[in-house]
Amino acid sequence: MRRTRRSFAMVLAVISLLALVLAGCSKPKETEQNPTTPDSGTTQPTKQFEFTLMAYTRDRPYNTVKERLAEGIQQELAKAGIKVTVKALPWPDHLEAVRVKQEGDAFLLGWIGDNGDVDNFLYTFFHSSQTEGGLNNANYKNPKVDELLIQAQRTADPKARAEAYLEVQKIISEDAVWIPISYGNDYMAHTKKVSGMYLHPTGMLDLRKVAVEGKKDFIFGRGGDSVKLDPAMIEDGASSQVVQQIFEGLYTYKPENTDVVPLLADGLPQISADGKVYTINLKKDIKFHDGTPFNAEAVKYSIERLMKGKTEEMPYASFTFGSVEKIEAKGDYQVVITLKEPVAPFLANLAMGLASPIVSPTAHQKFGDAKFGENPVGTGPFMFKSWAKDQQIVLEKNPNYWNKDVQPKVDTVIFKVIKEGSLRVDAVVKGEVDAIDGIAPADVKRAKDGAVLLQKEGMNISYMGFRTDRPPFNNKELRQAIVQLVDRNAMVKALYQETATPATTYVPPFMQKSMETLTGKSGNYGQALPFNAAKGKELMAKLGYSTSTK
Amino acid sequence: MTRYIAKRLLQLVPVLLGITLLVFLIFHYTSDPTQVILGLHGSEEQRVALRESLGLNDPLLVQYARYLGNAVQGDLGNSWMRKTPVSAEIAQKFPHTVELTMIAMFITVAMGILVGVISAVKPYTLVDYLSMTAALLAVSIPVFVLGLFFISIFSVKLGWLPINGRMSAAMLSSFEPPTNFYLIYSFFTGKWAIFWDLAKHIMMPAVVLAGATTALLARMTRATMLEVVRQDFIRTAKAKGLSQRVVIFKHALKNAMIPIITVIGLQFGGLLGGALLTESVFTWPGLGTLTISAVEAKDLPLVQGVVILVATLFVLANLAVDVMYAFFDPRIKYA
């Protein structure tokens, strides 16, 4: 009897525990009070407007304060009597909630550009085809915008493209699809003995001109180790940094911006009138680190690998070469690439450090996809020497580097892992390493005082998107009101101090500048509605919402 | 005895089954690994193909059974992130953790027992109070705080020790050992410059790692010793005219060993699995670092591999403790 009672009690306890656990796991209740469109007859606006904002709890290059950004917006809008319910999730869960489960009325996200082309920002975020599984999570659909974006993709004329993109920005701004929030700065620091380092907008790391006074090796401290050293298989910055030293693509960027210049190619491509056929001549007398000659066959091999190989494991394969129909080798030093449709950003794709570099066919055949990532062979200024996982990667100078003008100055480059951000700064200040990246805003001052700090606006943007396809934000005036109620300048300054720049348009500042130079337009053409509390409140009142803060 | 050991080893089977199943379920109900592997750029078709090639579309039980089937044949699968065999990844990281653990355990045993014995022999004196307060502090300060504190003093302010890492970058680039037991290898091949560099690097993480366990052991030793020294056989030993040292270390300590061994054994098993926070603060390339990156990447095969290793080590450490009981106390017998 006693035994049954005891076991009964135990079962009860287990059940209640389970119930507790399940209750904890289940989704937090959201206060969903979608305000229906108010009667036009009401004279006394009494309703408080509320919405749910999805936020993430990991720091990103474009947002180093994590979910505090959502709190910033919450505070800004509270000044107009608007209640924002923030739902902050870990990064992967946030992506799933925003992109797949379509949760929330608005969401925070950001973007780091890939190829330096405006298309990579505006098409990615505002073309209607990108609503399904893409990154147009505002679910924004506007036929005029679609038309302009495609037109800009199909033409190769830079001026015509810039005009189309500026027009797109103007429409988006009028439609108030986003609140563009800020551009995060990129930072690196090096000791006073180092020369020849610079920050590139794309995050490209060019070490060819780097020299260290009194030393023949260069030690670069960073937060994480590379995953793979095969340009086809990677997506992360830590892998890409090393890959860029070992491998080269047909094209690259100018050191100061994202203009495309030839690298392994001999001159810019000849593009057919319909924009589909790219004829590219190659430089001669270049050899891979293993002695294999660089030629048209090697280029064909490298690109076809990303079209026909195990592409499900290649993160950038479809992004970079998804538009390619075929590639042919014409003789030893010419390749002809035919696209399915004319895609103007294709040339910029060929300059990216990810996916597009050319690999030694001999070495890749020898090691296969599985082992090539640990035995990389390219044409770059440095050659792979050794890799102690989670410690360091060692590269050696390529003594036969083809470019006689920029022969590498150091004999050895070591990429050393130092996980803790603050210790990384200590290491460069103490001279234990020669340079570092990944400097948190809190450490910027220390790095500036103890070493040489490099700083540049990054090719990124942090933004808040509205779900434009459903209530409450399928109402354009409501979106316009919210955009004007957030004082971005003050908020960004308070949250990031000097480490981020308030956003004006929908693309990074250097892109805006080059578009304006091309078209002769000025004044941040197509910028988002600026802060205007009076106008915002007026709109809210017109929509029947109270703006009193009580 | 052999039968007893065999029986205990058999208990490993249900432990491993339970724990791998648990990990499997947790991963199954959290988010999608294709998001991690392909990032924001992968297309939907790529995601579908990847799920297929990772076997994520099969029923859960089929996936689990397939994993077990391969695992009993010694194949723990390939890491999703790095595409390398899990067993190779672990084999690469384990030596780093073993060396760190060995040094930390050496500090723990030497310091813990010594401090505990001194405190017990001179209870309620200044030495006792000081060492027990220090022990309390060491138990309560989180390791990453202690680690950063040590680094800021000994590396940044005083400049005596390197900030972190396994060894100096320049030295490691020319040192190509056939094994990852760097310390042992450099010792036996007489590469003293390298050995010294390694020693300087291992000092701080080992002390930080040993901190809490040393304190625990000291308090445990003190308490048991206080108990033992009050017993009759100690008075007898003293009456026979034995020296203080023999009484304390031979008669008293040996009888206080049972709880001490228990603590040592369990901590040792735990530390061998990799100290997540300590390894992370010091960028130690061991199992702890591997575990963190595997969990962040939701790399199921890699996490499973680490979990199996850690569980096995725990069970073995427990078994070793039980076997040692018999050695220290002949009254304990296993049949």
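Quick caveat: nothing in here was measured; it's all calculated off a predicted structure. To find a chain, count down the sequence lines: A is the first, B the second, and so on, and within it residues start at 1.
- For chain B, the nearby part of Lys430(A) is the side chain; its heavy atoms alone come within less than 4.5 Å.
- Contact check on Lys419(A) versus Glu279(B) returns no salt bridge, with no Lys/Arg side-chain nitrogen under 4.0 Å from an Asp/Glu carboxylate oxygen.
- If you measure heavy-atom distances from Ile418(A) to chain B, the contacts under 4.5 Å come from both the backbone and the side chain.
- Here Ile163(B) is the residue among Val48(B), Leu50(B), Leu54(B), Ile163(B) with the most heavy-atom pairs under 4.5 Å with chain A.
- Within a 6.0 Å sphere centred on CZ of Phe187(B), other residues, nucleotides and ligands contribute 12 heavy atoms or fewer.
- Of the atoms belonging to Asp426(A), heavy atoms from both backbone and side chain fall under 4.5 Å from chain B.
- Between the CZ atom in Arg424(A) and the OG1 atom in Thr283(B) there is a gap of 8.5 Å [rounded to 0.5 Å].
- Between Lys416(A) and Asn164(B), the shortest heavy-atom contact is NZ-O, 4.1 Å.
- Counting non-hydrogen atoms of other residues, nucleotides and ligands closer than 6.0 Å to CH2 of Trp196(B) gives a total of 12 or fewer.
- Proximity to chain A (any heavy atom under 4.5 Å) is restricted, for Ile151(B), to the side chain, taken from C-beta onward.
- For Val100(A), the part sitting under 4.5 Å from any heavy atom of chain B is the side chain, from C-beta outward, and nothing else.
- A side-chain contact (heavy atoms from CB on, under 4.5 Å) with Ser173(B) is found for exactly one of Ile393(A), Val413(A), Ile414(A), namely Ile414(A).
- The CE atom of Met167(B) lies 8.5 Å from the CD atom of Gln391(A); values are rounded to the nearest 0.5 Å.
- The shortest distance between side-chain heavy atoms of Leu148(B) and Leu423(A) falls below 4.5 Å.
- Using non-hydrogen atoms only and a strict 4.5 Å limit, the part of residues 174-183 of chain B facing chain A consists of Glu176(B), Tyr182(B).
- With values rounded to the nearest 0.5 angstrom, Lys389(A) atom NZ is found 10.5 Å from Ser293(B) atom OG.
- Heavy atoms of Lys371(A) lying under 4.5 Å from chain B are absent altogether.
- Under the 3.5 Å distance criterion, the side-chain polar atoms of Glu420(A) are left unmatched by any main-chain donor or acceptor of Val281(B).
- Contacts of Glu52(B) with chain A are absent, with no heavy-atom separation under 4.5 Å from either backbone or side chain.
- Between Asp390(A) and Lys93(B), at least one side-chain nitrogen of the basic residue sits less than 4.0 Å from a carboxylate oxygen of the acidic one, meeting the salt-bridge criterion.
- Heavy atoms closer than 4.5 Å to chain A are found in the side chain of Thr84(B), but not in its backbone.
- Heavy atoms of Ala427(A) lying under 4.5 Å from chain B belong to its backbone as well as its side chain.
- Interface residue Ser53(B): only side-chain heavy atoms are found under 4.5 Å from chain A.
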